[in-house]
Amino acid sequence: MSRVVADVIATGRLDLLPLLVEHADDMAEVLSDPALHTFIGGVPETRHALRARYERLTAGSPDPGVSWLNWVIRLRGEDRLTGFVQATVGPSARGSVAEIAWVVGTPWQGRGIAQEAAGGLVDWLGLRRVGTVVAHIHPDHRASAAVARAAGLTPTGEEHDGEIRWRLGPPRHDR
């Protein structure tokens, strides 16, 4: 599998922009609400810590067969960053697989931004022939489950680190 490279993804209201280290200052504010960590754990990162993390992420995976893809979500009408989406794409026994995630800042939740961004990401991955898309969602996080469902993923019943594995892709025949 060749490395996948992030490029701009445009949806109806959003631009998913490939992550840059310079996004850290705006994103520190977007991600500053401790409530965002209810289901994922941790605490909001400082600008400095987020900048260091973004430096690692933009450097890419040390494994040449794995692509780390990260985008910030820009709400075009407000010309403002509102969250992020990410995908880690790597090989599997059935072709490539992407593990995806999304976070939208508290002030922009409930406006369909996460659904639109995740749907745009899943569509983009499909155009790159990524055969399987997986997300891990806390069983009590109904909003995130709704985002996954809208993006075409379905719960598998499998659990990983206390989260439910959701999947879009070829059916598994190894059971």
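Because only heavy atoms are used, hydrogens play no part in the values below, and waters and symmetry mates are left out as well, while side chains stay in.
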| Heavy-atom distance under 4.5 Å between the side chains of Arg167 and Leu153, does that happen here? | no

| request: First locate atom CZ of Arg76, then atom OG1 of Thr82, and finally report the distance between them rounded to the nearest 0.5 Å. | output: 11.5 Å

| remark: Here the pair of heavy atoms bringing Val21 nearest to Glu55 is CG2-CG, 3.7 Å

| Quick one: does Arg74's side chain get under 4.5 Å of Leu14's, heavy atoms only? | no

| Would you find more than 12 non-hydrogen atoms of other residues, nucleotides or ligands less than 6.0 Å from Glu29 atom CD? | no

| remark: Heavy-atom closest pair (Leu125 atom, Ala98 atom, distance to 0.1 Å) is CD1-CB, 3.8 Å

| query | Roughly how far, to the nearest 0.5 Å, is CD1 of Ile40 from CD1 of Ile137? | reply | 12.5 Å

| task | Taking all heavy atoms of Arg47 and all of Ala28, pick out the closest pair and write down the distance. | result | CG-CB, 3.4 Å

| request: Starting from the C-alpha separation in whole Å, work towards a yes-or-no answer on side-chain contact (heavy atoms from CB on, under 4.5 Å) for Thr58 and Leu20. | output: CA-CA 7 Å; Thr58 58; Leu20 300 173; 5.7 Å; no

| When clusters are formed by joining ILVMFWY residues with side-chain heavy atoms under 4.5 Å apart, either directly or through shared neighbours, do Tyr54 and Val66 land in the same one? | yes

| field | Arg13 versus Arg111, closest heavy-atom pair with distance | value | NH2-O, 3.0 Å

| said: Is there a path of hydrophobic side-chain contacts, each under 4.5 Å between heavy atoms of I/L/V/M/F/W/Y residues, joining Phe39 to Val104? | reply: no

| How long is the span from the CG atom in Leu57 to the OG1 atom in Thr88, to the nearest 0.5 Å? | 8.5 Å

Taking distance alone, no hydrogens or angles, what donor-acceptor pairs closer than 3.5 Å link side-chain atoms of residues 138-152 to residues at least two apart or in another chain?
residue	atom	partner	partner atom	Å
His138	ND1	Asp140	N	3.0
His141	ND1	Ser144	N	3.1
Ser144	OG	Trp102	NE1	3.1

| query | Checking side chain to side chain contact (heavy atoms under 4.5 Å, CB included) against Leu16, which of Leu69, Ile73, Val72 comes through? | reply | Ile73

| Can you tell me how far the CD atom of Glu78 sits from the CG atom of Leu75, to the nearest 0.5 Å? | 4.5 Å

| task | Work out which heavy atom in Gln86 is nearest to a heavy atom in Asn70; give both atom names and the distance. | result | CB-OD1, 3.3 Å

| said: Could you tell me if Thr11 and Glu116 have a donor-acceptor pair between their side chains, going purely by distance under 3.5 Å? | reply: yes

| For Leu17, does its backbone N or O pair with a side-chain atom of Asp15 as donor and acceptor, under 3.5 Å? | no

| field | Spacing of CG belonging to Leu50 relative to CE belonging to Met27, to within rounding of 0.5 Å | value | 7.0 Å

| Are any of the side-chain heavy atoms of Ile100 and Val85 separated by less than 4.5 Å? | no

| request: Group every Ile, Leu, Val, Met, Phe, Trp and Tyr by side-chain heavy-atom contacts under 4.5 Å, then state whether Val89 and Val8 land in the same group. | output: yes

| said: Checking Trp166 now: which residues fulfil side-chain hydrogen bond (donor to acceptor under 3.5 Å, both in side chains) with it, not counting sequence neighbours? | reply: none

| field | Residues Arg53 and Glu45 bridged, charged N to O under 4.0 Å | value | yes

| Given side chains that start at C-beta, do those of Val97 and Val134 come closer than 4.5 Å, heavy atoms only? | yes

| task | Please tell me if the side chains of Phe84 and His23 come closer than 4.5 Å, counting only heavy atoms from C-beta onward. | result | no

Sequence neighbours left out, cut at 3.5 Å: what donor-acceptor pairs do the side chains of residues 117-124 make with other protein atoms?
residue	atom	partner	partner atom	Å
Trp124	NE1	Asp7	OD1	2.7

| message | In the structure I gave you, are the side-chain heavy atoms of Trp71 and Leu19 within less than 4.5 Å of one another anywhere? | response | no

| Would you say His37 and Pro44 make side-chain contact, with heavy atoms under 4.5 Å? | yes

| request: Any chance you could measure Glu158, atom CD, to Glu163, atom CD, to the nearest 0.5 Å? | output: 13.5 Å

| message | Do Thr154 and Leu168 have side chains that approach each other closer than 4.5 Å (heavy atoms only, starting at C-beta)? | response | no

